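Worth saying up front: this structure is predicted, and the values here are computed from it rather than measured. The analysis underlying the following values was restricted to heavy atoms, covering all of them including side chains, and did not include hydrogens, waters or symmetry mates. Throughout, a chain's letter reflects where its sequence line sits, starting with A, and its residues are numbered from 1.
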There are 2 protein chains.
Amino acid sequence: MSQMLQIHDQLREMILSLDLGPGERLTERWLESRFEGSRTPIRAALVRLEGEELVRRDGRNWIVAPIDLGELEALAEFRIPLETTAVRLACARASAADIAAIEETLDACQSGAPREEWHRVGTDFHVEIARLSGNPFIVKAIAGAMTRLSRARWLEVWTEPSREQAWREHRRILGFIKANDPDAAAREAADHITDTRDRLLRSLNEDRRGLRARGFAVIGLR
Amino acid sequence: MSQMLQIHDQLREMILSLDLGPGERLTERWLESRFEGSRTPIRAALVRLEGEELVRRDGRNWIVAPIDLGELEALAEFRIPLETTAVRLACARASAADIAAIEETLDACQSGAPREEWHRVGTDFHVEIARLSGNPFIVKAIAGAMTRLSRARWLEVWTEPSREQAWREHRRILGFIKANDPDAAAREAADHITDTRDRLLRSLNEDRRGLRARGFAVIGLR
DNA sequence: TATCCCGGTTTGGTATCCCAAACAAGGCCG
DNA sequence: CGGCCTTGTTTGGGATACCAAACCGGGATA
């Protein structure tokens, strides 16, 4: 693979895993030594990441895109019509095998699994469901939304019950798709998005102090 | 403005206006002489345009993204839930002044206006409506969708009646928002998207010969 | 002591250079 | 005569060189 793509992927991973702090400045020279490549591929990777809004310009400088917790509401508002549409289409179009494959990945994530695993599966679920819709625009839009959500979800304090709750909701959505009940699936999907948003916001609100202590500027959180 | 952004904007314009044919190869050296800049900013512009899917890689080469007329259905399917949501939100959130501003741009486009004007206003309308929703994710998604539609709409043979029809539908959507009737606005918006898609597909189907004559590969058109 | 100014340093923006791989054309061999 | 290989050219990928602007810090000054 080209060096630029390697750098892009690594940098992306570092950003999404909060290895690089939101708002942190990135100098091309630092990245140059960090990745042992010249500025050319680094620059390309940065431009690419800028398109994904994971990196942003601040004047002439590059910075890791800050997390704006205020956009969590807008994000849910955006996801609801898309995901309800996605599950409706999935009812009409998904094959039993596709559904079974998603069921398997859900089952593979047991209570004991590491947090990274839960995080990834919880995100991928929505993208995979979107894929069942067969509509590439919906898939890309949801994938983008989940990416934007991803870092905020790392900030959340995950309790066992809330984790189980989300898992059950995923399971229910999938069940309604399997049962070919588009209305119920859509209702369940919308509720799930709302619930998840509320859980996330509640957790962040309760943990404001903890967030600040960990050095996160809690911006946009009402 | 930086040279890279100038190149990006110009190239983007050339692509969207079909000045550069879909599928046409772009060599960095040609762009270098065309824009009288070095390869560095040109490559950055290309990477950026790749993110907008206006340019694509074909092996090691850069090409102008082909038009896939087969995605027109998926595009409508994607837009309907988003735009119905947008108009609903607009009913709740838009100020009279915002609505009036859009009305004005509609009125400013009279029958005698050049085709470019109609094209632009017809595209911008949807983005402006989305903006009334106050949700930046919806705005960006719809803007992206309209960009993807843009080139296909240039291929359409525009008749005076169909142009008037679209204008009336825009007017009606706006009217329902103004009247604060979200259900009617949503229904109208969905119908408009469906109608527009059908008009476009019908026109392209009837004009297959013309398209081929103009050198367009009619791919993905059922 | 607070402020302003100035020069040195760092940074991103651009131009060039080098390279390996892809490509195309021409010639060689079967 | 046709297919294959060779070789010269073109292309994109990466590295480096150079520049102007932004930034920073220290010293002079009010």
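Going from atom CD of B:E28 over to atom C1' of C:dC17 covers 15 Å, rounded to whole Å. Rounded to an integer number of Å, the gap from A:I63 CD1 to C:dT11 C1' is 16 Å. Whole-Å rounding puts the A:M1 CE to D:dG13 P distance at 14 Å. If you take CD of B:E50 and C1' of D:dG13, they are 14 Å apart, rounded to a whole angstrom.
Contacts between residues 30-48 of chain A and DNA chain D, defined by a heavy-atom separation under 4.0 Å, are made by A:G37, A:S38, A:R39, A:T40, A:P41.
Taking all atoms of both residues into account, the shortest heavy-atom contact from B:W158 to B:R163 is CE3-NH2, 4.1 Å. The shortest heavy-atom contact between A:R153 and A:R115 is O-NH2, 3.6 Å. Across every non-hydrogen atom of B:L106 and B:H170, the tightest pair is CD1-CB, 4.1 Å. Counting all heavy atoms, side chain and backbone alike, A:P22 lies closest to A:P66 at CB-CA, 3.8 Å.
Each of A:M4 and A:N61 lies near DNA chain D, and the nucleotide nearest A:M4 is the one positioned closer to the 5' end. Where B:W62 and A:R29 meet DNA chain D, the nucleotide closest to each residue was compared, and B:W62 sits on the side nearer the 5' end.
Among the heavy atoms of the strands lying under 4.0 Å from A:L26 are primed sugar atoms or P, OP1, OP2 only; no base atom is included.
In the displayed structure, B:R57 atom CZ is contacted under 6.0 Å by more than 12 heavy atoms of other residues, nucleotides or ligands.
Between the side chain of A:R60 and the base of C:dG13, no donor-acceptor pair under 3.5 Å is found.
For B:R57, taking side-chain heavy atoms from C-beta onward, the closest of the listed nucleotides C:dG12, D:dG13, C:dA15 is D:dG13.
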Under the side chain to side chain contact (heavy atoms under 4.5 Å, CB included) rule, what do B:V87 and B:E83 come out as? Steps first, then yes or no, please. CA-CA 6 Å; B:V87 295; B:E83 300 206 30; 5.6 Å; no

